[in-house]
Q: 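Handing you this structure, nothing more for now.
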Amino acid sequence: MADHDAPVTSPDQHNPTNRKAIYTVGVLAVLTMVAYLFGNHEGRVEDLWLLGFAVVIALGLVTDWLLVRAGLRE
């Protein structure tokens, strides 16, 4: 079969991403950021940034989980 007859597919269709691994890494990242709050620093600006990034990652994980559960994403 010639190259022009091959179906057009995305790279994700050839090698799907392991969702369980992404959820695990995401949860570990959130836990690590929350653990960094208990350090020997005095300023609170770092705490706000850490919490902000942790919340964004957690929202992304929850949103993806809900979309998969509702059948809107494979």
Side-chain angles (χ1 to χ4, degrees):
M1 175 158 57
D3 285 338
H4 65 281
D5 292 335
V8 177
T9 58
S10 69
D12 291 341
Q13 290 175 328
H14 299 292
N15 212 1
T17 306
N18 186 353
R19 223 172 264 290
K20 186 175 180 180
I22 290 175
Y23 290 159
T24 303
V25 170
V27 169
L28 288 176
V30 169
L31 292 176
T32 302
M33 288 184 198
V34 171
Y36 280 146
L37 295 175
F38 306 103
N40 59 356
H41 59 281
E42 295 179 13
R44 294 295 165 213
V45 174
E46 297 91 354
D47 293 345
L48 295 175
W49 279 99
L50 286 169
L51 282 175
F53 282 125
V55 166
V56 167
I57 292 171
L59 285 175
L61 291 172
V62 169
T63 302
D64 184 66
W65 179 75
L66 288 173
L67 288 174
V68 169
R69 187 170 179 216
L72 299 174
R73 179 182 277 181
E74 293 182 11

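Heavy atoms only: backbone and side chains are in, while hydrogens, waters and symmetry mates are out.
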Q: L66 and side-chain contact (heavy atoms from CB on, under 4.5 Å): which partner among V68, V62, T63?
A: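 Filter result, single survivor: V62.
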
Q: What salt bridge (charged side-chain N to carboxylate O under 4.0 Å, His left out) pairs are there with at least one residue in residues 47-68, not counting sequence neighbours?
A: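 Output for this query lists R19-D64, R44-D47, D64-R73.
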
Q: What pairs of donor and acceptor atoms, side-chain ones from residues 48-56 against any protein atom, are under 3.5 angstrom apart with sequence neighbours left out?
A:
none

Q: L72: which other cluster members, linking ILVMFWY side chains closer than 4.5 Å, directly or transitively?
A: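 Other cluster members: L67.
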
Q: When clusters are formed by joining ILVMFWY residues with side-chain heavy atoms under 4.5 Å apart, either directly or through shared neighbours, do L31 and W65 land in the same one?
A: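 Hydrophobic grouping puts L31 with W65.
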
Q: Cluster question for you: counting only ILVMFWY and a side-chain heavy-atom cut-off of under 4.5 Å, with indirect links fine, are V27 and V25 together?
A: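 As far as the 4.5 Å side-chain criterion goes, V25 and V27 are not connected within one cluster.
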
Q: Sequence neighbours excluded, which residues qualify as side chain to side chain contact (heavy atoms under 4.5 Å, CB included) partners of T24?
A: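 Here the qualifying residues are K20, L28.
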
Q: In the single-linkage hydrophobic clustering (I, L, V, M, F, W, Y; side-chain heavy atoms under 4.5 Å), do I22 and I57 co-cluster?
A: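 Cluster IDs for I22 and I57 differ.
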
Q: Could you name each residue pair satisfying ring-ring contact (aromatic ring centres under 6.0 Å, His included) that touches residues 21-44, not counting sequence neighbours?
A: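 Listed by first then second residue: nothing to list.
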
Q: Look at the side-chain heavy atoms of Ile, Leu, Val, Met, Phe, Trp and Tyr, link any pair under 4.5 Å apart, and say whether L37 and V45 land in one connected group.
A: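 Linked, L37 and V45 end up in one cluster.
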
